[in-house]
Every structure is written in structure tokens, then in C-alpha cells.
Trainee: 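Below you will find the structure I want to go over with you.
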Amino acid sequence: MKETSISASTRNLIKKYDFKIAKRFGQNFIVDENVLKTIINCSELSKDDYVLEIGPGLGVMTQVLCEKAGGVLAVEIDRELIPILKVSLFGYENFELINGDILKLNLKAILEENFGSSPVKVVANLPYYITTPIIMKLLEEDINIKSITVMVQKEVGERLCAAPGGKNYGALTVAVQYRCIPEKVLIVPPESFIPQPEIESMVVRLNFRDKPPVALKDEKMYFRVVKASFGQRRKTLLNALTAGNLGRSKEELKTVLLNSNIDENRRGETLSLEEFAGIANELSRQ
């Protein structure tokens with residue numbers, strides 16, 4: 001790949017600070033100008049927007065976010081990167097930095113402290129080893145999020161956007177599509193990063209829905225049903241639900257599926273969001 005300004009900047013920062021890339025944090029820095037521009041453009045930022053960046057790394061994308069948005073809060077787990085970020089983001093008055101584990105932070109409190117009640121756009125090159133827990137945290141916590149634009153493993157991107165019936169369709173798919181409308185943006189080759197990962201990546205945008213696509217009597221029951229349905233993918237739906245600790249006997253669950261007009265011999269990966277909702281609502285009636 002031709003050396004670009006972002007590539008040269010990243011290499012210079014690594015050399016200047018003698019920074020040792022930490023495999024345990026899944027660090028792969030973007031060095032492709034076009035990929036960076038795509039992420040920024042897809043985020044559709046203006047000075048009215050507030051951004052949460054997870055894993056700013058050396059701060060190359062963070063600088064652009066600060067120039068585009070009204071405010072940027074970055075969370076970085078690697079304390080070795082903190083002094084580098086403080087230098088590279090020096091002078092940006094709309095920038096705040098937290099050294100911490102995103103999975104352990106009270107994001108609702110932190111975002112309200114920094115941005116009040118304003119909605120937030122999440123923009124990040126996510127560490128691949130904890131992509132799913134991060135996305136689930138963003139979905140499950142009571143945070144005012146407008147959109148999520150992230151770089152993920154291609155395989156995870158396919159799962160986020162999958163349709164019922166395919167091998168990529170799973171519990172993560174259903175959870176994401178209940179809250180968001182996913183959109184594939186760009187396939188990114190390994191050479192777009194330092195160091196190069198062994199797999200392709202994907203930029204995905206998740207637009208949060210104004211309201212869920214299905215009406216539920218009990219949201220917690222819905223996600224219990226989803227989790228149980230995918231808990232043992234090789235089992236029929238009836239057997240998977242029976243093994244899923246839903247507090248119902250096999251005969252009771254058979255009746256639930258019958259009342260929901262769903263064949264007990266189907267597999268969880270064939271069910272639509274509406275069908276999961278039907279099962280959950282039927283269980284909530286009993």
C-alpha cells in the first residue's frame with residue numbers, strides 16, 4: 001500500500017514514543033486514509049454532535065472527530081497510550097480522555113456528565129477480542145445513542161447484518177436488529193492496519209430505531225427466549241427452549257409454540273424477530 005500521511009503519522013508516533021503494540025488489547029491502527037474518511041463521512045458528524053470513541057489508539061482518527069464534532073469523549077484502556085494522546089490532542093478544547101475499561105465504566109453517568117442529555121454518536125475502531133461485549137453493553141445500558149459506526153471483524157459484521165436462516169444469524173443479530181437498523185459500509189483489507197490482522201474487517205453503521213420493530217409484553221423475557229433458542233443450535237427449537245431455563249416444562253413450551261403458530265421442530269436461526277416476540281409474549285401471558 002502506498003505510504004499516506006496517516007500511515008506516516010502513525011509510524012512516526014510509534015517510533016517517537018517507542019510504543020510497543022499490545023496484543024492483549026487487540027491493537028490494530030488504521031493507516032488507510034480512504035478508510036478513515038469513510039468512517040468519518042458515514043458518521044455524518046456536525047458541530048451539534050457529541051461523540052464517544054472507544055479505543056482511540058494514537059489519536060489519529062480522534063483529531064478528525066474533534067474537528068468535525070461539538071465534543072469528543074475517548075475511552076482508552078492502555079495507560080501507555082495516555083501520554084501520547086494528551087500530546088496529540090493538545091489544544092482541542094472539545095476533547096476529554098478517560099483511561100479505563102469500557103466494559104467496567106458507568107457510561108450513562110459519564111456521558112451525562114460530559115454531554116448532558118444530548119444523544120451520542122459512537123465512532124470506533126473496536127478491539128476485535130471484545131467487540132461483542134462492547135456492542136451488547138451499548139445496546140443494553142440506558143444510554144441515549146443515535147448511531148454506532150464501528151470497525152469490526154468481517155465475520156462479526158456479517159452477523160450484525162444477517163437475515164434469518166443463515167449461518168451468521170444468531171443471538172447478537174437479533175439483539176442488534178431489535179434496537180438498530182444495521183448497514184454494511186465497507187470491507188477493509190488487512191493491509192489497511194498496523195500491525196496487519198490476519199482477517200478482513202468491515203465498517204458497519206448501526207442506526208438506532210425510534211422504537212423497536214416488535215411489541216413486547218416483557219423485554220427481558222424476549223431476550224431470555226432469544227438466548228435459549230441459540231444456546232444449542234443443533235437442537236430443535238422445542239428442545240433448545242426446554243434446556244434454556246425458562247421455567248416451563250417441555251409440554252408447556254410445546255403449547256406455547258403451538259399457540260404461536262411455530263413448528264416445534266424448527267431451529268432458532270430460522271425465526272424472525274416477530275416470531276421471537278410471539279413466543280415471548282405467549283410466555284408472558286402464562
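These numbers come from the heavy atoms of this one structure, side chains and all, not from hydrogens, waters or symmetry mates. In this text, all values refer to a predicted model and were calculated from it rather than measured experimentally.
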Trainee: Of the non-hydrogen atoms in Val188 and Phe193, which two are nearest, and what is the gap between them?
Mentor: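 Where Val188 meets Phe193 most closely, the heavy atoms are CG1-CE1, 3.7 Å.
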Trainee: Look at Lys121 together with Glu44 and state whether they make a salt bridge at an N to O cut-off of under 4.0 Å.
Mentor: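 No, no charged N to carboxylate O under 4.0 Å.
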Trainee: Hey, is CZ on Arg234 packed in by over 12 heavy atoms from elsewhere, all under 6.0 Å?
Mentor: no
Trainee: Return the CG to CG distance between Leu253 and Leu283, rounded to the nearest 0.5 Å.
Mentor: 6.5 Å
Trainee: Taking the side chain from Asn245 and the backbone from Ala228, do they hold a donor-acceptor pair closer than 3.5 Å?
Mentor: no
Trainee: Looking at Asn259, I want to see if its CG is surrounded by more than 12 non-hydrogen atoms of other residues, nucleotides or ligands under 6.0 Å.
Mentor: yes
Trainee: Taking the side chain as every heavy atom from C-beta outward, state whether Val72 and Thr62 have any atom pair closer than 4.5 Å.
Mentor: yes
Trainee: Begin from the C-alpha positions of Thr149 and Leu206 and carry the test side chain to side chain contact (heavy atoms under 4.5 Å, CB included) through to its verdict.
Mentor: CA-CA 6 Å; Thr149 305; Leu206 308 177; over 6 Å; no
Trainee: Check whether any side-chain heavy atom of Leu237 lies under 4.5 Å from a side-chain heavy atom of Asn239, and answer yes or no.
Mentor: no
Trainee: What distance separates Leu58 CG from Leu13 CG, expressed to the nearest 0.5 Å?
Mentor: 5.5 Å
Trainee: Within this structure, what is the CZ-CD1 distance for the pair Arg224 and Ile279, rounded to the nearest 0.5 Å?
Mentor: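 If we round to the nearest 0.5 Å, Arg224:CZ and Ile279:CD1 are 13.5 Å apart.
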Trainee: May I have the step-by-step check of side chain to side chain contact (heavy atoms under 4.5 Å, CB included) for Leu45 and Val51, ending in yes or no?
Mentor: CA-CA 9 Å; Leu45 299 175; Val51 172; 3.7 Å; yes
Trainee: Knowing that exactly one of Pro195, Ser192, Pro127 qualifies, which makes a side chain to side chain contact (heavy atoms under 4.5 Å, CB included) with Asn28?
Mentor: Pro195
Trainee: Do Leu139 and Phe208 touch side chain to side chain, with heavy atoms closer than 4.5 Å?
Mentor: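 Counting from C-beta outward, Leu139 and Phe208 do come under 4.5 Å.
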Trainee: Verify the cluster assignment for Ile145 and Ile181: are they in a single hydrophobic cluster under the rule of side-chain heavy atoms below 4.5 Å apart?
Mentor: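 In one cluster with Ile145: Ile181, no.
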Trainee: According to a 4.5 Å side-chain heavy-atom criterion applied to Ile, Leu, Val, Met, Phe, Trp and Tyr, with indirect links allowed, do Val176 and Tyr222 form part of one hydrophobic cluster?
Mentor: no
Trainee: Tell me whether Glu183 at atom CD has more than 12 heavy atoms from other residues, nucleotides or ligands lying less than 6.0 Å away.
Mentor: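 Result for CD/Glu183: enclosed.
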Trainee: Residues two or more places apart in sequence or in another chain: which of them pass salt bridge (Lys or Arg N to Asp or Glu O under 4.0 Å) with Glu112?
Mentor: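 Glu112 satisfies salt bridge (Lys or Arg N to Asp or Glu O under 4.0 Å) with Lys108 once adjacent residues are dropped.
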Trainee: Got a donor-acceptor contact below 3.5 angstrom from the Glu76 side chain to the Ile82 backbone?
Mentor: no
Trainee: List the atom of Ala277, the atom of Leu216, and the distance in Å for their closest heavy-atom pair.
Mentor: CB-CD2, 3.6 Å
Trainee: Give the intermediate values and the outcome of side chain to side chain contact (heavy atoms under 4.5 Å, CB included) for residues Val120 and Lys146.
Mentor: CA-CA 6 Å; Val120 173; Lys146 190 172 183 179; over 6 Å; no
Trainee: Please step through ring-ring contact (aromatic ring centres under 6.0 Å, His included) for the pair Phe276 and Phe223, ending with a clear verdict.
Mentor: CA-CA 9 Å; Phe276 281 118; Phe223 285 104; 9.9 Å; no
Trainee: For Ser118 and Asn144, work out which heavy atoms get closest and say how close.
Mentor: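 Looks like C-ND2, 3.8 Å.
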Trainee: For the residue pair Val204 and Cys161, what are the closest heavy atoms and their distance?
Mentor: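 What the structure gives for the nearest pair is CG1-SG, 4.3 Å.
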Trainee: Apply side chain to side chain contact (heavy atoms under 4.5 Å, CB included) to residues Thr255 and Leu257 and explain how you reach the verdict.
Mentor: CA-CA 5 Å; Thr255 300; Leu257 292 175; over 6 Å; no
Trainee: Compare all side-chain heavy atoms of Lys154 with those of Ser201 and state whether any distance is below 4.5 angstrom.
Mentor: no
Trainee: Donor-acceptor pair, distance only, cut-off 3.5 Å: does the side chain of Glu140 make one with the backbone of Lys137?
Mentor: no
Trainee: Is there a donor-acceptor contact under 3.5 Å from the side chain of Asp49 to the main chain of Ser46?
Mentor: yes
Trainee: What is the minimum heavy-atom distance between Ala240 and Ser229, and which atoms define it?
Mentor: CB-O, 4.0 Å
Trainee: Under 4.5 Å between side-chain heavy atoms, counting indirect links through other Ile/Leu/Val/Met/Phe/Trp/Tyr residues: same cluster for Leu186 and Tyr128 or not?
Mentor: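 Same cluster: Leu186 reaches Tyr128 through Ile, Leu, Val, Met, Phe, Trp or Tyr contacts under 4.5 Å.
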Trainee: Between Glu219 and Arg179, does at least one N-O distance fall below 4.0 Å, as a salt bridge requires?
Mentor: yes
Trainee: Between Glu264 and Thr236, which heavy-atom pair has the shortest distance, and what is it?
Mentor: O-CB, 3.6 Å
Trainee: Are Ile143 and Ile130 connected in the hydrophobic side-chain network, where two residues link if heavy atoms are under 4.5 Å apart?
Mentor: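 Linked, Ile143 and Ile130 end up in one cluster.
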Trainee: For Lys68, does the NZ atom sit with more than 12 other heavy atoms under 6.0 Å from it, leaving out its own atoms?
Mentor: no
Trainee: Would you indicate whether the side-chain heavy atoms of Val256 and Arg248 approach each other to under 4.5 Å?
Mentor: no
Trainee: Any donor-acceptor pair under 3.5 Å linking the side chain of Asn125 with the backbone of Pro56?
Mentor: no
Trainee: More than 12 heavy atoms of other residues, nucleotides or ligands under 6.0 Å from NZ of Lys184: is that the case?
Mentor: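 Enclosed: over 12 neighbouring heavy atoms sit under 6.0 Å from NZ of Lys184.
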Trainee: Measuring from Met221:CE to Arg285:CZ, what's the distance to the nearest 0.5 Å?
Mentor: 12.5 Å
Trainee: When you measure from the side chain of Gln177 to the backbone N and O of Leu160, does any donor-acceptor pair fall under 3.5 Å?
Mentor: yes
Trainee: A quick test of your reading: do over 12 heavy atoms of other residues, nucleotides or ligands sit less than 6.0 Å from NZ of Lys47?
Mentor: yes
Trainee: Give a yes or no on this: more than 12 heavy atoms of other residues, nucleotides or ligands lie within 6.0 Å of atom CD of Glu155.
Mentor: no
Trainee: Check whether Thr270 reaches the backbone of Arg266 with its side chain - one donor and one acceptor, N or O, closer than 3.5 Å.
Mentor: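 Pair absent, no side-chain N/O of Thr270 close to backbone of Arg266.
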Trainee: State, with a plain yes or no, whether a side-chain heavy atom of Ile102 is found less than 4.5 Å away from one of Leu107.
Mentor: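 Ile102 reaches Leu107 side chain to side chain.
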Trainee: Taking 4.0 angstrom as the limit, do Glu269 and Lys167 come out as a salt bridge?
Mentor: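 Between Lys167 and Glu269 there is no salt bridge, as every charged N stays at least 4.0 Å from the carboxylate O atoms.
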Trainee: Within the distance-only criterion (no hydrogens, no angle test), does the side chain of Asn168 pair as donor or acceptor with the backbone N or O of Ala162 below 3.5 angstrom?
Mentor: no
Trainee: Side-chain contact test, heavy atoms from C-beta onward, threshold under 4.5 Å: evaluate it for Lys235 versus Arg267 and give yes or no.
Mentor: no
Trainee: If I take atom CG from residue Leu246 and atom CD from residue Glu252, how far apart are they, to the nearest 0.5 angstrom?
Mentor: 11.0 Å
Trainee: Test your reading of the model: is there a side-chain donor-acceptor pair from Tyr178 to the backbone of Thr173, 3.5 Å cut-off?
Mentor: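 No, because the side chain of Tyr178 does not come within donor-acceptor range (under 3.5 Å) of the backbone of Thr173.
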Trainee: How long is the span from the CG atom in Leu126 to the OG1 atom in Thr132, to the nearest 0.5 Å?
Mentor: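 Atom-to-atom, Leu126:CG and Thr132:OG1 are 9.5 Å apart.
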Trainee: Is it true that Val87 and Leu89 fall in one hydrophobic cluster, defined by side-chain heavy atoms closer than 4.5 Å?
Mentor: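 Cluster IDs for Val87 and Leu89 match.
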Trainee: Mind checking whether Gln153 and Thr131 have side chains closer than 4.5 Å, heavy atoms only?
Mentor: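 No - every pair of side-chain heavy atoms lies 4.5 Å or more apart.
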Trainee: Among side-chain atoms of Asn207 and Arg205, is any donor-acceptor pair under 3.5 angstrom?
Mentor: yes
Trainee: Check whether any side-chain N or O of Asp101 sits under 3.5 Å from a backbone N or O of Ile77 as a donor-acceptor pair, and report yes or no.
Mentor: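 Not confirmed, Asp101 side chain does not pair with Ile77 backbone.
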